[in-house]
A.B. asks: 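Sharing a structure below in structure tokens format, with a few things to ask.
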There are 2 protein chains.
Amino acid sequence: MVMAERVVAPSRRRLTRDDWADAALAAIADGGLAAVAVEPLAVRLGATKGSFYWHFANREALLDAALARWEERSTTAVIREIAAASDDPRDQLRLLFIRVIDAAERDSIGPALLSAASHPVVAPVLARVTKARIGVIVALFERLGFAPDKARSRALLAYSTYLGHGQLAHSTPGLLPRTNEERRAYLDHALHVLTN
Amino acid sequence: MVMAERVVAPSRRRLTRDDWADAALAAIADGGLAAVAVEPLAVRLGATKGSFYWHFANREALLDAALARWEERSTTAVIREIAAASDDPRDQLRLLFIRVIDAAERDSIGPALLSAASHPVVAPVLARVTKARIGVIVALFERLGFAPDKARSRALLAYSTYLGHGQLAHSTPGLLPRTNEERRAYLDHALHVLTN
DNA sequence: GTTCTTCCATGCGCTAGCGTATGGTCATGG
DNA sequence: CCATGACCATACGCTAGCGCATGGAAGAAC
């Protein structure tokens with residue numbers, strides 16, 4: 001696919017910390033954590049390491065900044081949208097699944113970070129995001145009438161299923177339902193199984 | 001110069017292809033695919049690259065050999081054990097989950113490979129293993145009385161849940177049930193949800 | 001329009017790891 | 001008893017990437 005395409009716009013614009021952080025996220029999305037390398041990123045941004053080491057102490061600092069941005073986006077954003085869309089927990093759960101599943105298929109930062117879960121910089125971020133997400137789901141199940149412990153079990157199950165689905169979609173998409181109709185039926189079935 | 005101090009191996013035994021492949025699997029288990037590096041492996045085996053490049057053309061050939069071994073173990077072995085243990089599909093499913101879950105927690109080759117699912121050498125192996133495993137689960141659900149399409153949905157759900165559970169166990173174990181009792185209850189609940 | 005600060009380019013040294021070249025050792029069969 | 005081939009060690013070249021050091025350019029301050 002597309003390789004490092006240099007910014008054609010001869011924008012001699014100066015770069016910011018956030019420019020680098022976003023570039024890092026883009027690199028993670030299509031190449032994993034290992035693709036966050038200073039020199040290739042510099043090429044991609046039409047700059048050099050000189051710029052980078054002005055804005056960041058080292059590669060790890062870049063990762064920190066990038067992951068912080070991702071964490072922000074991954075917690076507040078979706079949660080707000082869900083809350084705004086409906087009041088019915090059933091609808092919310094459905095919407096959550098839809099949103100979150102196709103987010104995972106379109107934008108692969110999440111999966112890429114899961115692939116690097118043991119990395120010392122990634123681990124705490126991932127832990128916080130996971131905890132927040134599961135918390136939301138637990139609350140939904142409780143509002144659906146499940147007792148707290150059952151709600152927690154179901155939420156873990158649901159979140160595990162989501163994670164696993166992402167893995168399958170990523171590693172062996174051929175085994176999953178392909179047409180939109182099949183996908184909808186599968187989703188309905190999944191929600192039915194998980195909520196009954 | 002520094003004398004070549006023999007690191008561990010008191011055994012002067014000559015190495016085989018399989019020795020290298022097993023060492024590679026061990027490296028994958030505790031360091032991921034990137035940890036399969038010729039020179040570190042050589043040190044670990046008390047040998048040098050000279051030996052390695054006698055047995056293998058290059059690093060990729062080593063990966064091929066290692067993954068072939070893993071594939072063999074991951075498909076035939078467990079499946080045979082399940083079939084031998086019981087005839088009741090319910091028991092078999094339960095046993096499958098138990099086996100496979102603590103296999104994933106004890107031996108982390110599977111998760112490590114999932115983390116590298118997009119690697120060209122890993123992808124086809126993973127696809128075959130996944131397909132085989134899901135096939136087994138589909139068959140179990142059919143024997144439980146589910147219609148083929150429902151059986152398939154449930155099997156996908158179950159396998160996704162397993163994969164996701166592995167992810168959680170690996171990335172944020174604190175969120176999962178900790179005591180054996182809780183774990184058993186969680187497993188029962190999961191099986192109940194997935195089979196009813 | 002000097003001067004000061006911010007931002008960036010260039011070039012260097014360093015490390016880890018891949019792959020190759022070449023020669024040495026050791027068991028075995030002739 | 002030696003010659004052959006399987007096995008391995010050593011030393012080398014090569015690449016990618018990190019991090020640093022230094023010298024500018026480009027605005028802003030005055």
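Protein chains get the first letters and strands the later ones, always in sequence-line order, with residue 1 at the start of each. Worth knowing before you read on, the calculation uses all heavy atoms, side chains too, and leaves out hydrogens, waters and symmetry mates.
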A.B. asks: Output yes when at least one side-chain N/O atom of W54(B) is less than 4.0 Å from OP1 or OP2 of dC8(D), else no.
C.D. replies: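 Indeed not, no polar side-chain atom of W54(B) lies that close.
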A.B. asks: When you get a sec, tell me which of dA9(D), dC18(C), dA6(D) is the closest nucleotide to the side chain of Y53(B)?
C.D. replies: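 Ranking dA9(D), dC18(C), dA6(D) by closest atom to the Y53(B) side chain puts dC18(C) first.
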A.B. asks: Treating primed atoms plus P, OP1 and OP2 as sugar-phosphate and everything else as base, which nucleotides of nucleotides 10-17 of chain C get B, S or - for protein heavy atoms under 4.0 Å?
C.D. replies: BBB----B
A.B. asks: Figure out the CZ/P separation between R14(B) and dG24(C), and round it to whole Å.
C.D. replies: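 Atom CZ in R14(B) sits about 16 Å away from atom P in dG24(C).
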A.B. asks: When the distance from CZ of F52(A) to P of dC20(D) is rounded to whole Å, what number comes out?
C.D. replies: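 One finds 11 Å between P of dC20(D) and CZ of F52(A), rounded.
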A.B. asks: Starting at atom CZ of F56(A), determine the distance to atom C1' of dC20(D), rounded to an integer number of angstrom.
C.D. replies: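 Checked: the CZ to C1' distance equals 18 Å.
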A.B. asks: Calculate the interatomic distance between R17(B) atom CZ and dA6(D) atom P; express it in whole Å.
C.D. replies: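 About 15 Å, once rounded to whole Å.
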A.B. asks: Kindly say whether A151(B) contributes a backbone atom to a donor-acceptor pair with the side chain of E142(B) at under 3.5 angstrom?
C.D. replies: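 A pair under 3.5 Å: no.
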A.B. asks: Atom CG of L15(B) to atom C1' of dA6(D): distance rounded to whole Å?
C.D. replies: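 From L15(B) CG to dA6(D) C1': 13 Å.
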A.B. asks: Provide, to the nearest angstrom, the distance between the CG atom belonging to N58(A) and the C1' atom belonging to dG17(D).
C.D. replies: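 Rounding to the nearest Å, CG of N58(A) and C1' of dG17(D) are 14 Å apart.
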A.B. asks: Rounded to the nearest 0.5 Å, how far apart are CG of L93(B) and CZ of R143(B)?
C.D. replies: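 It comes to 10.5 Å.
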A.B. asks: Sorted by first residue and then second, give each salt bridge (Lys or Arg N to Asp or Glu O under 4.0 Å) pair with at least one member in residues 112-139 of chain A; sequence neighbours left out.
C.D. replies: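 Of all non-adjacent pairs touching residues 112-139 of chain A, those that pass salt bridge (Lys or Arg N to Asp or Glu O under 4.0 Å) are E71(A)-R128(A).
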A.B. asks: When you measure from the side chain of T130(A) to the backbone of L126(A), do you find a donor-acceptor pair of N or O atoms at a distance under 3.5 Å?
C.D. replies: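 Yes; at least one donor-acceptor contact below 3.5 Å.
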A.B. asks: Indicate whether any N or O donor in one side chain lies under 3.5 Å from an N or O acceptor in the other, for T161(A) and T161(B).
C.D. replies: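 Note: T161(A) and T161(B) side chains meet the donor-acceptor criterion.
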A.B. asks: Between F56(A) and W20(A), does the ring centroid distance fall short of 6.0 Å?
C.D. replies: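 So the answer is no for these two rings.
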A.B. asks: In whole angstroms, how far is the C1' atom of dG19(D) from the CG atom of L41(A)?
C.D. replies: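 Value for this atom pair: 16 Å.
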A.B. asks: Does H55(B) make a side-chain N or O approach to OP1 or OP2 of dC8(D) shorter than 4.0 Å?
C.D. replies: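 Indeed, a polar side-chain atom of H55(B) lies that close.
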A.B. asks: Atom CZ of R44(A) to atom P of dG17(D): distance rounded to whole Å?
C.D. replies: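 Atom CZ in R44(A) sits about 13 Å away from atom P in dG17(D).
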A.B. asks: Judged by atom type as modelled, is there a donor-acceptor pair below 3.5 Å linking the side chain of S108(B) to the main-chain atoms of P111(B)?
C.D. replies: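 No, S108(B) side chain to P111(B) backbone: no donor-acceptor pair under 3.5 Å.
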A.B. asks: Give, ordered by number, those residues of residues 22-33 of chain B having at least one heavy-atom distance below 4.0 Å to an atom of DNA chain C; if nothing qualifies, reply none.
C.D. replies: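 The answer is none.
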A.B. asks: May I ask you to say whether D18(A) pairs ionically with R69(A), meaning some side-chain N is under 4.0 Å from a carboxylate O?
C.D. replies: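 Looking at R69(A) together with D18(A), the answer is yes, because their closest N to O distance falls below 4.0 Å.
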A.B. asks: Using 30° and 60° as the class limits, which term best fits the ring planes of H192(A) and H189(A): parallel, tilted or perpendicular?
C.D. replies: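 Rings of H192(A) and H189(A): parallel, under 30°.
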